[in-house]
Amino acid sequence: MSAQLIKGTEIRNVILDELKKEVQDMKAKHGVVPGLVTILVGQNPASISYVTLKIQTAEGLGFHEIQDNQPENISENDLLALIDKYNKDPKIHGILVQLPLPKHISEKKVLNAIDPDKDVDGFHPVNVGRLMIGGDEVRYPPCTPAGIQELIVRSGTETKGAEVVVVGRSNIVGKPIAIMMAQKGKGANSTVTIVHTGTKDLASHCKRADILIVAAGVPGLVKPEWIKPGSTVIDVGVNRIGVNEKGKAILRGDVDFDAAKEIAGKITPVPGGVGPMTITMLMKNTVKSAWLHIKGNV
Ligand code: NAD
């Protein structure tokens, strides 16, 4: 039997509707709208399209949105000064610096210069630490892992006591989602295993996963026979395997989808699964930041 598809595009629309109402409520009650600045350095085409999508989504929700484009040759000091300006701007609740940055600028220095209370991407070491502590300490969970957790919860997958196997240990996906699923609380409380390039027998771990989260960046890495029947499979991988006749990239996940969907209970497609969730969670973090600023909690 074919698995239930976990449609990120549909879940995204539901969450965006919820956020839109929250923004209207915030404006009516407090005269405040969430403020997001997206800083783009240079003209990298992929970065331009990501930033454009973020801006369009923010505008659709009624945010105060600033697109701050800077030339490729901006100095590191000038970029740091710009971040400082937005750190101090009370109308701005979220600061996003689109990566990658040109080679003459230290990404680490720039990301660490963002006020952790406006770090809606959740990459600042302070927010990584808060995520590790868990509970009320968590302020801005990183967007892709937060999106994965929403997909798991909203698809009705039981997480309490579930065996979760995470393939990949990157700082932006694998490690944070593993920590989030192991924490106490709703949508978590799972028993988590992280597997990676140093793992001896990948298949044996994947086979016992009630929830398999794959973020390796290797097309078709997870074979159908590694999937536990009835499990929930979240495929984070986005791999360009070629271009179609219209010149558009053909995307594949890290899981052999066509075969896996006949074994899993629930599965995310690529594209249209995890992908649409990342920007949505960026918006959610920005709304949260605005509330925290209104309540004086930051
Ligand atoms: P990364 O390259 O930083 O990390 C990949 C991880 O997978 C590493 O920890 C590595 O140890 C592990 N890995 C790689 N090959 C493996 C193998 N053969 N066996 C076991 N483990 C292996 O990548 P990332 O940034 O975490 O991204 C992973 C994938 O998710 C990519 O395809 C990326 O495009 C995609 N991604 C999607 C979104 C989104 O949809 N919004 C966001 C972030 C990343």
Side-chain angles (χ1 to χ4, degrees), residues 5-12 15-16 38 44 46-47 49-54 56-57 96-100 107-108 111 120-123 128 131 140-152 155 164-181 192-209 212-223 225-227 233-242 249-257 260 267-285:
L5 276 191
I6 305 177
K7 293 180 184 160
T9 38
E10 284 178 9
I11 295 175
R12 168 195 61 193
I15 297 174
L16 289 179
T38 44
N44 178 324
S47 296
S49 71
Y50 289 137
V51 163
T52 306
L53 206 53
K54 287 169 188 172
Q56 284 169 350
T57 310
L96 183 127
V97 180
Q98 186 64 46
L99 301 179
E107 286 185 354
K108 191 173 162 185
L111 294 182
V120 287
D121 250 342
F123 291 151
V128 176
L131 189 83
Y140 308 119
C143 300
T144 300
I148 293 169
Q149 197 174 31
E150 287 277 357
L151 292 179
I152 292 170
S155 67
V164 171
V165 175
V166 179
V167 183
R169 56 179 159 185
S170 72
N171 287 329
I172 63 165
V173 190
K175 274 193 271 184
I177 190 61
I179 291 297
M180 289 161 73
M181 297 308 295
V192 181
T193 306
I194 306 180
V195 297
H196 44 72
T197 43
T199 300
K200 281 186 187 147
D201 184 357
L202 216 54
S204 69
H205 292 284
C206 293
K207 277 179 185 170
R208 53 180 177 72
L212 181 62
I213 302 170
V214 192
V218 180
L221 173 69
V222 171
K223 309 288 175 266
E225 59 272 23
W226 298 7
I227 291 168
V233 177
I234 307 289
D235 189 352
V236 191
V238 180
N239 306 291
R240 283 162 217 270
I241 58 156
I250 302 169
L251 303 179
R252 286 280 183 281
D254 289 348
V255 177
D256 177 352
F257 177 81
I267 189 166
T268 56
V270 177
V274 176
M277 296 300 290
T278 300
I279 292 180
T280 310
M281 302 321 288
L282 177 74
M283 302 300 141
K284 190 169 178 174
N285 279 348

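Quick caveat, the model's predicted, so the values are computed rather than measured. Start at 1 and go down the list; that is how both ligands and their atoms are numbered.
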Just to be sure I'm reading this right: ignoring hydrogens, which of [options] gets closest to [atom]? Compare them by their nearest heavy atoms.
atom: atom 15 (N) of ligand 1; options: Val274, Val218, Asp254; answer: Val218
atom: atom 6 (C) of ligand 1; options: Gly168, Cys206, Pro145; answer: Gly168
atom: atom 30 (O) of ligand 1; options: Val166, Val214, Val236; answer: Val236

Heavy-atom closest contact ([X] atom, [Y] atom, distance):
X: Met180; Y: Pro145; value: SD-CB, 3.6 Å
X: Val120; Y: Cys143; value: O-SG, 3.7 Å
X: Val167; Y: Cys206; value: CG2-SG, 4.0 Å

Could you check [atom] against the protein and tell me its nearest heavy-atom contact, residue, atom and distance included?
atom: atom 16 (C) of ligand 1; result: Thr197 CG2, 3.6 Å
atom: atom 19 (N) of ligand 1; result: Leu202 CD2, 3.6 Å
atom: atom 18 (N) of ligand 1; result: Leu221 CD1, 3.6 Å
atom: atom 14 (C) of ligand 1; result: Ala216 O, 3.6 Å
atom: atom 40 (O) of ligand 1; result: Gly275 CA, 3.4 Å
atom: atom 34 (O) of ligand 1; result: Val238 O, 3.4 Å
atom: atom 3 (O) of ligand 1; result: Ser170 CB, 3.3 Å
atom: atom 42 (C) of ligand 1; result: Thr144 OG1, 3.3 Å

CZ/Arg169: more than 12 non-hydrogen atoms of other groups inside 6.0 Å: yes
Check ligand 1 against [X] and write out every atom of the ligand that is under 4.0 Å from a heavy-atom position of the residue.
X: Val173; value: 26 (O), 43 (C), 44 (C)
X: Asn239; value: 32 (O)
X: Thr278; value: 39 (C), 41 (N)
X: Arg169; value: 6 (C), 8 (C), 9 (O), 11 (O)

Check: [Y] main-chain N/O paired with [X] side-chain donor or acceptor under 3.5 Å:
X: Thr199; Y: Leu202; value: no
X: Asp254; Y: Asp235; value: no
X: Asn285; Y: Pro141; value: yes
X: Lys223; Y: Leu221; value: yes

Contact partition for Ile172 relative to ligand 1, non-hydrogen atoms under 4.0 Å: side chain
